[in-house]
Structures are given as C-alpha cells and as structure tokens.
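Notes follow the structure.
Atoms within a ligand are numbered from 1 in the order they appear, just like the ligands themselves. Just so it is clear, the values below take in all heavy atoms, side chains as well, and ignore hydrogens, waters and symmetry mates.
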Amino acid sequence: MASDDFHVYDTTLRDGMQQEGLSPSVADKLAIARHLDGLAVGFIEGGWPGANPKDTEFFKRAQTELDLKHAQLAAFGMTRRSGVKAADDPLVAALRESGAPIVTIVAKAHPRHVDLALKTDLRENLEMWRDTVTHLVAEGRRVFVDAEHFFDGYLLDREYALECVRTAVEAGASLVALCDTNGGMLPNQIGDAVADVIATTSARVGIHCHDDSGCAVANSLAAIDAGATHVQGAANGYGERTGNANLFTVVANLQLKKGRKVVPDEALAEMTRIAHAISEVTNVVPYSKQPYVGFSAFAHKAGIHASALKADPDLYQHIDPAVVGNDMRVLVSEMAGRSNIELKGRQLGYDLSADRDAVARITERVKELESRGHSFEAADASFELLLCSELEGPQSTEFFTVETWRVIVEQTADGRHVSEATVKIHAKGERIIATGEGNGPVNALDTALRQALGQLYPDLARLELVDYKVRILEGDHGTASRTRVLIETGNGEDNWSTIGVEENIVAASWTAIVDAVTYGLLRAQR
Ligand SMILES: [Zn+2]
C-alpha cells in the first residue's frame, strides 16, 4: 500500500465520468480501476453508492472481483440532508454499506450555495458537516471531506469557509480537499488560499481542481507547493466541461520535476500504456498532444533540430520519454533536412550514415512528393517502401506489377450499391486476373488485389483494412485539386499506414492499397 504521507487520489470513476459522452458499464469501471491500480495510485474513488445504482453495484462487485495491490477504494457521497440525523439518512447508510474503507463526503463551503442549492442556513450546514463526519468516523470509516466551491466561497466569505474546514477537522475528518469546482482559479489564488487554510486551521489539506482556466495541473501543483499533501485528478483529464486535473500530468510533474516519489518508478514507466488502455475502455480517442503520454508528446519535426537530435536527443526533450513509457518519434516532412531522414531511417532499422548519396536522393524524393501533397508523417510504411527501394533497388519492394485495374459502382433496382473490381497483375512469372466485390469501390479493389495474390502469398489473408481517411487538397498554381488517401492496415499484431495522392479518389485509394499490401509482403518476408 502507498505511503500515507502524500496521497494520489484518483476520481476518474466518479468525477471523470461526468465527461460528455462517457457512460461506462460496471465491468468497464472495474477494468479502469485495475489499470489505475497498475499506476499505484493510493486511492480510487469508485462512485456514489446509493445515488446511482451502477455505482452501488460497482462497490458490491469490487469486493469479490477487484484485487487491488496498491489502491484503497473510496465511496463518494453527500453530507446528510438538512433536518435529518446522519444515522437515519439512507444516502449516508449507502456509504456505510458500500464496504469501502474510505468515505469521501462532499460538503458545501460557499454561503450562496448553502442558501440556493441546499436551501438551508449556514449554521445547519455546519451541523450537516459535523454530524455526517462524526457518524461515519464512529462507524469505523476513514473520512475525507471535499469542500465544494471552496475557493469561490473563500473569496466571498473567508471566515465561513475556514469555519467549515475547522468543523470537519473537529469532527474527525482525516483531511479536507479544497475544491475549485468551477475551475476558474489561477495558481497564485490557489496557493494563497491553501497557505491561509494551513496557517489558520489544523487541517490536512487536499486539492481538487477543474481545468476551466486551463490551469488545473498548475493549480494542483501550486496547492502542493503551499502545503497540500493530497491531490485529486482524473485519468487523461476526463471530467465535465474542460475536465478535471489530469492525474497523469500531475503525477509525472511531481515525480520528475518536483523530486517527489509519489508512485514507484516501474509504475511510472507503465503510464503511457495505462493512459491508452483506459482510452480503449472509455472509447475516447487518446489526445495526441497530452503531456507525457500523448502519441505526439515526443514527436519531432523540424529538420534543423534533427541533426542535434541525432547527436543528443536530450537537447530537445524535457525528459527521457522511456521513464513514462513513451517513445521519441521523428516525423518526415518537407521541412526535413538530411539529418531527419537519416534519423528516421535509423529508427526503422536502416543505417544511412555511410551513404550520403542515398540520403540526398531520398531527401529529394520526399521533398518532391510532399510538394505534390504527400505527407509521410502519417504514412510510415509508404516512407519505408521508398527508403527500401532507394537503398536496395526497386526489385526489393516489387512483389508484383500491375497491368490494369477497373472498378464499377452500380445501383441495383432495389436501391443497393454494389461495387465490382477487376485487376490484372503479374507476379512470380504469372499473369493473374481476379475480381472482387465490395460495398464500395475501395473495398472491391482491396478484395480483388488480395484475391489475385492470395494463392502466391497466403500471408495476405491476415491483412485487414483498419482505417481509411480522405482529404481534398487545394490545387495551386492553376492545378486541379488532389485527393489524399491514408489507409491503415493491420495483421493482428501491428498496424501500418500508407498514402496515395491522385486527382481521382479511387486512384489515390488504389495507390495506398498497393503500398499497404506491398508493405505487408515485405514484413512477412523479413
Ligand atoms: Zn469536481
């Protein structure tokens, strides 16, 4: 179990799931909890039992289905209702019965919210804090309190906000997490208020931030600098509106920039994988620019950097990506100089350092193709084919040659659309004609090509078209617009991307398909 000196408290399963479009099943929530435990967070807030049937079920199933190595589960709920004893409040009972060792109570610290949302007076609100905490502590639970709208309340009525915190401590709460519920604060405001709370109450202080001002992570760090020893956040910054503080960014910053050991190094090295695994469960496309764990977080483009990058990657990276389980990537683009091509080649397993002529030829070809609308940044496999053909001769990537291809699209009498393609190719000394049907022309061409090659290359049966993207590129200097097609293909283990650029969308697709199949054959051979 993690040390109690500093808490990493995850709220993905409760606050994070307020994000628009997220509605995980109980099984999903259990899966996410396992991933978070893999990051060795100290606490996982599972949800609000009693208020939400799915969350009640989560806590029930967690008792038998979750085997957490690091984290403790926390059940979230509200203070008792006004005018009822905590012991008699059914929602408080649901927290007691959840089986969670930690109960986190949300309580109001803002006078206008007490008046307008709770419709009670300030004195009764304090009684609700006191009674609920006292009752749950007496029942043997460890109680954390989330002081909702704390910072806005503090600016409006400092004395009352501090009185709320003192009440929680007197009643036996282990800590009070101060919440920037509206997410509009800036780091200096948070730092000042946290320092004041610590100086004028005896509370252990936690911090819970939202990202409405774009400062959730900075605000969390400011609170910790001011003495907070408990930080809340959500995986991948999930949460309503602009999201909660991104727990991954907070953890990495604390560990790598502030020298605080908040999770084991081995767990930190799993962070990128865990971030993506959680995205798989939530079905939210990972944000490529996410700090530390994003696909682009260590992607370098400009040619001018590449020569120095080759000499010493640390010159252009704030950390070694491996410590968070990420990788450096070099992007090939028209801005690329020779160093970039050389570096990218090395990454793909080709040593170009001794062959300056080849590097010059490849650089020229990349520049020429990119001026016509190619973009190798997103098409590693097409780039590797180009590299291979330049270095080892065109025959190295020529598994077949295309004589002709044709595709027709037909609307049938009953309104269906069917496509049929015919391809004529030469491979291994044979001339092969094959047809393929599909729900669209691209699908039909893909089927026909694989049909034609299938006898000679049985490995092709494993290939699958995973993704297909089209973009119309503006024409310039009097040329017509062009169509760029990116295709992603998989073989069950890996995926690769290929590109085609033509004036005609079907022709662009065909080029990308031919590259995709050729690359599949090249891989199978090596
Ligand atoms: Zn919140």
Which is it for H7 and F144 under the side chain to side chain contact (heavy atoms under 4.5 Å, CB included) test, yes or no, and what are the steps along the way? CA-CA 11 Å; H7 294 171; F144 298 165; 3.8 Å; yes
Are there any protein N/O/S atoms under 2.8 Å from the Zn ion (ligand 1), and if so, which?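 Checking every protein N, O and S atom gives D15 OD2, H208 NE2, H210 NE2.
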Among all residues two or more places apart in sequence or in another chain, which pass the ring-ring contact (aromatic ring centres under 6.0 Å, His included) test with W129?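 Per chain and number, W129 pairs via ring-ring contact (aromatic ring centres under 6.0 Å, His included) with no residue.
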Among D15, T11, D146, T104, find the one that has a side chain to side chain donor-acceptor pair (under 3.5 Å) with Q232.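 Of the listed options, the one satisfying the test is D146.
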Could you note down all residue pairs passing ring pair (Phe, Tyr, Trp, His ring centres under 6.0 Å) where residues 251-297 supplies at least one of them, sequence neighbours left out?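 Sorted pair list: Y292-H318.
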Restricting to pairs with a member in residues 177-198, which pass ring pair (Phe, Tyr, Trp, His ring centres under 6.0 Å), not counting sequence neighbours?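 Not a single pair qualifies under ring pair (Phe, Tyr, Trp, His ring centres under 6.0 Å).
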For the pair R123 and E163, find out whether any cationic side-chain nitrogen is under 4.0 Å from an anionic carboxylate oxygen.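 Salt bridge absent between R123 and E163.
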